[in-house]
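The structure under discussion appears below in the form of structure tokens.
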Amino acid sequence: MPIRIRIGRGGKGRLSARILANMLVILTLTGAIGFVLFAFAQRAEIDRAYEQRALDIAQTTAADPQIRQAMAHGGGHGIVQTVAERIRKASGASYVVVIDLHGIRHSHPDPALIGEGVGDPIVVLDGRTHVGTDQGATGRSANGKAPLKGPTGTLVGEVSAGIPEHDVLGELWRELPTFGLYAAIAVALGSAAAFLLARRLKRSTFGLELEEIAGLLQDREAMLHGIREGVIAFAPDGRITVVNDEARDLLGLGTALGNRLEELLPEGRLRRALDGSLPGTDISVLTDDHCLVVNRMPVTLQGRELGAVVTVRDRTELIGLLRELDSVRGLTDALRAQQHEFTNRMHTVAGLLDIGDHDAAFEYAVESAGADQALTESVRERIGNTLLVGLIVAKTTVAAERGVRVVLSDDSALGEDPPHLRRLLTIVGNLLDNAIDAAAGGPPPAGGREVELSLVEAVDQLLVRVADSGPGIPPGAAGSIFEDGWSTRPDRGTARRGLGLALVHRLAQRHGGTIAVSEGPGAVFTVVLPLPDATPVPRDAQFTSASPTGGDRG
């Protein structure tokens, strides 16, 4: 069932209102700053335009032939004044002043200043035009100065023309409202965009305020790194977005954020359980160090698929305790079976003694004691290690109680200190469990229910073969029976099925060995381990031990 997240909306509209208000302030300030900067830039541009206009008037005056002729002969105040005033009035200039090389005015809007000297030096002695701002007798003006040359081309004076400042400012004020309109439209459009952005951000944060988002982040970090379960979150595209420390330790992921599973883990049951391609809940997975239980849940919020969350629990210690408990129960069953058999024998002996047939009672007691001893001795003849002998005898006793006969093959031969001892205990115990369970579960075959065990220590390898008379492996299942959790039978009591064969397969492969199984009636499992044994015992063995009980086929 997918996880559906519901988030309460506190302080509705506060985040969007704050974003909108901040954006409006920013837009207003930037608009005002832009307006002022434009005003200054436009003022400079208008000043340049009016200075050029003043220069054009000065050049026009300097090119007038009457003025050039009059100034070449050093006088003609009346002519110069008349022509200069006519040009001033026609152009709208505030003044047109003609000056000789001695700085004496020959024309001026104020006739009283004609014949007076100017305070500024003559600037056109270099033969070039000049522009600028002039604070003259008529006020502040945009000024242009042009050299005045006589008919022969000789420099005879300077023409200075000016346009009043109020004309420049008037032009600026006429243009500013248009720019103000543009600025207002830009602010309005920016405000609309800010409003839409605020709404989108509000939807993206699922209605949460900034303080709530910060609180959620703090709570998430505290929760993820404080719990004792591994947690991994996946985006819809399969990339890892969240992984806590426990998940890194259990899965050996390292720095996994932003990566896909295929970039971090090899193909196998663990990766299929994490990416969701392996259906089911509480999926058991064996790794080299742990027995894990994996659950994956898709996550939706307000109808949107947000990905999935995977939890990984370490069941290594728990599985070990459960199997140890199951092992104790198996030992109890074995002792109960032996007690039951011993009670029957004692009843027989007591009956013979009661009827006075002492010789028959003695012979029966000796025969019964010899039968048990014969079983142990027959195993000891081929198996030198006492731990394996005890395991095989215990399995044989339990199997006999269930109507299954366990036979040690004639070619079995194992020394007192065989290689791979602890692994052998796990492998032999699990394979015998499976075989006894399979043989006892179906209808008895013609030759009776039987399990055959073969242990052969050769020069370069160790061979374990277990064959049973059960129904065998289903057709086409040979490739999947060694996967974690595969089983043909339901869980029994505390024993979790589907781990025994997976552990045997992992032990064999980890230490360079092989495991094979035959299909059809009567399964035959063959495990080959190479010699010598130079690798350490895996930590897997601590949670799956060989118990004297029935097994977990698959």
Side-chain angles (χ1 to χ4, degrees), residues 1-3 224 227-236 238-244 246-253 256 259-300 305-323 326 430 434 474 476-507 509-510 538-544 551-554:
M1 179 179 180
I3 300 174
L224 285 178
I227 61 177
R228 298 299 300 167
E229 285 191 2
V231 178
I232 310 173
F234 295 91
R239 296 189 179 276
I240 296 176
T241 56
V242 174
V243 56
N244 67 347
E246 188 71 9
R248 287 192 176 97
D249 293 339
L250 294 177
L251 303 176
L253 294 178
N259 295 322
R260 300 177 184 272
L261 283 176
E262 53 266 25
E263 301 171 359
L264 303 171
L265 297 175
E267 172 60 30
R269 180 178 174 83
L270 176 60
R271 198 172 90 182
R272 297 199 303 273
L274 293 176
D275 65 18
S277 58
L278 192 64
T281 58
D282 290 337
I283 301 172
S284 298
V285 179
L286 286 178
T287 67
D288 290 340
D289 301 316
H290 305 282
C291 177
L292 306 176
V293 175
V294 179
N295 281 285
R296 179 185 172 98
M297 290 291 180
V299 179
T300 61
E305 295 291 337
L306 302 183
V309 173
V310 174
T311 58
V312 181
R313 287 175 287 164
D314 186 6
R315 297 284 297 274
T316 304
E317 184 177 353
L318 178 59
I319 292 295
L321 292 175
L322 290 176
R323 293 186 71 85
D326 204 59
N430 280 288
N434 287 343
S480 58
I481 63 172
F482 298 113
E483 290 189 356
D484 314 347
W486 190 94
S487 179
T488 59
R489 303 174 70 85
D491 293 345
R492 179 179 54 79
T494 58
R496 183 79 176 184
R497 295 191 180 275
L499 297 179
L501 287 180
L503 178 60
V504 171
H505 180 262
R506 187 174 293 274
L507 284 175
Q509 283 200 332
R510 177 167 178 168
R539 281 172 285 179
D540 305 63
Q542 67 182 335
F543 60 80
T544 307
D552 57 340
R553 167 61 58 96

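- Proximity of V309 to V231: side-chain heavy atoms (C-beta onward) are separated by under 4.5 Å at one or more points.
- Checked by atom type and distance alone, the side chain of T241 pairs as donor or acceptor with a backbone atom of A233 at under 3.5 Å.
- Within the 4.5 Å cutoff, no side-chain heavy atoms of I283 are placed close to those of N295.
- Annotation: side chain of V243 is not in contact with side chain of L251 (no heavy-atom distance under 4.5 Å).
- Side-chain contact check for I232 versus I240: some heavy-atom pair is nearer than 4.5 Å.
- Cation-pi contact between R260 and F234: absent, since separation from the ring centre below 6.0 Å together with deviation from the ring axis within 45° is not met.
- The main-chain N or O of L265 is found under 3.5 Å from a side-chain atom of R271 such that the two form a donor-acceptor pair.
- Taking all atoms of both residues into account, the shortest heavy-atom contact from V312 to L274 is CG2-CD2, 4.2 Å.
- Looking only at side-chain heavy atoms (C-beta outward), V310 and V294 come within less than 4.5 Å of each other.
- Taking the side chain as every heavy atom from C-beta outward, R296 and L278 never approach each other to under 4.5 Å.
- In this structure, the separation between CG on L292 and CD on E229 is 11.5 Å, given to the nearest 0.5 Å.
- Across G230 and N244, no two heavy atoms sit closer than the pair CA-OD1, 3.6 Å.
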